[in-house]
Undergrad: 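Take a look at the following structure, please.
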Amino acid sequence: QVQLVESGGGLVQAGGSLRLSCAASGRTFSTITMGWFRQAPGKERDIVAAVSWSGGGSYYSDSVKGRFTISRDNAKNTVYLQMNSLKPEDTAVYYCAADRAWRIATMPSEYDYWGQGTQVTVSS
């Protein structure tokens, strides 16, 4: 079992930055893939970024590539999402997720554990 708790969301102006954190507890954190998803009102939950257990592999959606960076600190059982050059269309609830399989998955159904989500609002 893995418990995930996100933090760092908030209200920011367009062009600004935020850093989300996701603290994990339970099962050995260093052996699982971590991902960030987001869901805007009336829309599906979509992958934002994912990072392999070692941190050596990562995935970014086209909409955030070059602006967001995912990283992890296995010593602290924490994964981060640094978000720069934020746009109003980045407004959503952001969720941290964990996948027990050794892969970088992009579909929500492939992830086993979820945090409660943190709201990110970008004003124009």
Side-chain angles (χ1 to χ4, degrees):
Q1 193 74 10
V2 176
Q3 294 80 42
L4 305 172
V5 179
E6 302 99 334
S7 61
L11 173 64
V12 64
Q13 290 188 332
S17 299
L18 282 175
R19 188 175 83 155
L20 305 183
S21 299
C22 174
S25 61
R27 182 188 171 101
T28 304
F29 175 78
S30 62
T31 64
I32 55 178
T33 296
M34 299 297 297
W36 285 98
F37 288 77
R38 67 186 181 187
Q39 188 168 19
K43 296 189 176 181
E44 294 184 349
R45 189 172 298 188
D46 292 325
I47 184 80
V48 175
V51 63
S52 66
W53 66 273
S54 67
S58 60
Y59 168 89
Y60 294 93
S61 68
D62 288 342
S63 60
V64 306
K65 202 172 294 183
R67 300 188 297 124
F68 291 11
T69 303
I70 190 169
S71 61
R72 64 190 296 164
D73 185 337
N74 287 343
K76 296 182 178 180
N77 285 359
T78 302
V79 62
Y80 305 97
L81 185 69
Q82 177 66 43
M83 305 186 294
N84 299 328
S85 302
L86 283 161
K87 304 175 181 180
E89 50 264 44
D90 294 318
T91 295
V93 177
Y94 283 71
Y95 296 91
C96 173
D99 178 9
R100 292 173 296 181
W102 284 29
R103 61 186 174 189
I104 296 184
T106 61
M107 299 298 295
S109 59
E110 297 175 297
Y111 284 77
D112 303 295
Y113 306 102
W114 292 85
Q116 82 287 352
T118 185
Q119 177 71 47
V120 171
T121 303
V122 184
S123 62
S124 57

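Quick caveat: nothing in here was measured; it's all calculated off a predicted structure.
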Undergrad: For A105 and E110, which heavy atoms make the closest approach, and how far apart are they?
TA: CB-OE1, 3.2 Å
Undergrad: Do you know the tightest heavy-atom contact between L86 and V12?
TA: CD1-CG1, 3.5 Å
Undergrad: Which value, rounded to the nearest 0.5 Å, describes the distance between Y113 atom OH and D99 atom CG?
TA: 10.0 Å
Undergrad: Under a 4.5 Å cut-off applied to non-hydrogen side-chain atoms, are R38 and S63 in contact?
TA: yes
Undergrad: Once you round to the nearest 0.5 Å, how far does CH2 of W53 lie from OG1 of T33?
TA: 10.0 Å
Undergrad: Going by heavy atoms in the side chains, are C96 and V79 under 4.5 Å from each other?
TA: yes
Undergrad: Looking only at heavy atoms, what is the nearest atom pair of Q119 and T91, with distance?
TA: NE2-CG2, 4.0 Å
Undergrad: Does the side-chain contact (heavy atoms from CB on, under 4.5 Å) test come out yes or no for M34 and L4, once each step is laid out?
TA: CA-CA 10 Å; M34 299 297 297; L4 305 172; 3.9 Å; yes
Undergrad: Just list the side-chain donor-acceptor pairs under 3.5 Å for residues 14-22, sequence neighbours left out, or say none.
TA:
from: S17; atom 1: OG; to: N84; atom 2: OD1; distance (Å): 2.9

Undergrad: Search all heavy atoms of L11 against all heavy atoms of S123 and return the closest pair with its distance.
TA: CD1-CB, 4.3 Å
Undergrad: What is the distance from atom CH2 of W36 to atom OH of Y80, rounded to the nearest 0.5 Å?
TA: 10.5 Å
Undergrad: Which other residues end up in the same hydrophobic cluster as M107, if Ile, Leu, Val, Met, Phe, Trp and Tyr are linked when side-chain heavy atoms come under 4.5 Å apart?
TA: none
Undergrad: Between D90 and K87, does any side-chain N to carboxylate O distance fall below 4.0 Å?
TA: no
Undergrad: What residues form a side-chain contact (heavy atoms from CB on, under 4.5 Å) with K43, not counting sequence neighbours?
TA: A40
Undergrad: Can you name the nearest heavy-atom pair linking V2 to A24, along with the distance?
TA: CG1-CB, 4.3 Å
Undergrad: Quick check: closest heavy atoms across Y94 and L81, and the distance to 0.1 Å?
TA: CD2-CD2, 4.2 Å
Undergrad: Who are the side-chain contact (heavy atoms from CB on, under 4.5 Å) partners of Q116, not counting sequence neighbours?
TA: V5, E6
Undergrad: Checking one residue: I104. Which other hydrophobic residues are in its cluster under the side-chain 4.5 Å linking rule?
TA: F37, I47, Y59, V93, Y95, Y111, W114
Undergrad: Filter on disulfide (SG to SG under 2.5 Å), then keep only pairs touching residues 49-80, sequence neighbours left out; what's left?
TA: none
